[in-house]
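The next block holds one structure in the form of structure tokens; read it before the comments.
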Amino acid sequence: MMTESQKMHVCHAALFLMIAVIFPVLVIIGDQARPNDIVLIIGWDPVSIAASLDLVIMSPEDAPFAVLAMAGDRASLEQLHQSSAWLVVDGNRMAALCGL
């Protein structure tokens, strides 16, 4: 049986983990993707999604479910949003983290 003090410590630890994990994700995915700019494509096979739309892949490394690519014009960006990608967002922050 847990004491009240132990319950409070568990609660604080859970809150800290939520903030540590969720906040960075919200910061990264907070901005909308813009035409002719770097986008972060998240999906089952983002490299194939980017290739099917003739986007230039910017990622220095392959990630299982994400890729940085240069978006085309508005029509290309709309096609990207309508593709099988789970999420398409501004990729500039992630590109800066990757040293691009």
### Message
Return the CZ to CD1 distance between Phe65 and Ile42, rounded to the nearest 0.5 Å.
### Response
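Here the rounded value is 11.0 Å.
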
When the side chains of residues 44-56 are checked against the rest of the protein, which donor-acceptor pairs come out under 3.5 Å, sequence neighbours left out?
from, atom 1, to, atom 2, distance (Å)
Asp45, OD1, Ser48, OG, 3.4
Asp45, OD2, Ser48, OG, 2.6
Ser52, OG, Ser48, O, 3.4
Ser52, OG, Ile49, O, 2.7

### Query
Of Ile57, Leu80, Val89, Leu87, which is the lone residue that meets side chain to side chain contact (heavy atoms under 4.5 Å, CB included) with Ile41?
Leu80

### Message
Arg93 and side chain to side chain contact (heavy atoms under 4.5 Å, CB included): which single residue from Asp31, Ile38, Leu40 fits?
### Response
Asp31

Report all side-chain donor-acceptor pairs from residues 66-79 shorter than 3.5 Å, counting only partners two or more places apart or in another chain.
from, atom 1, to, atom 2, distance (Å)
Asp73, OD1, Ala75, N, 3.4
Asp73, OD1, Ser76, N, 2.9

### Task
Sequence neighbours left out, what passes side chain to side chain contact (heavy atoms under 4.5 Å, CB included) with Arg34? Give chain and number order.
Asp37, Asp90, Asn92

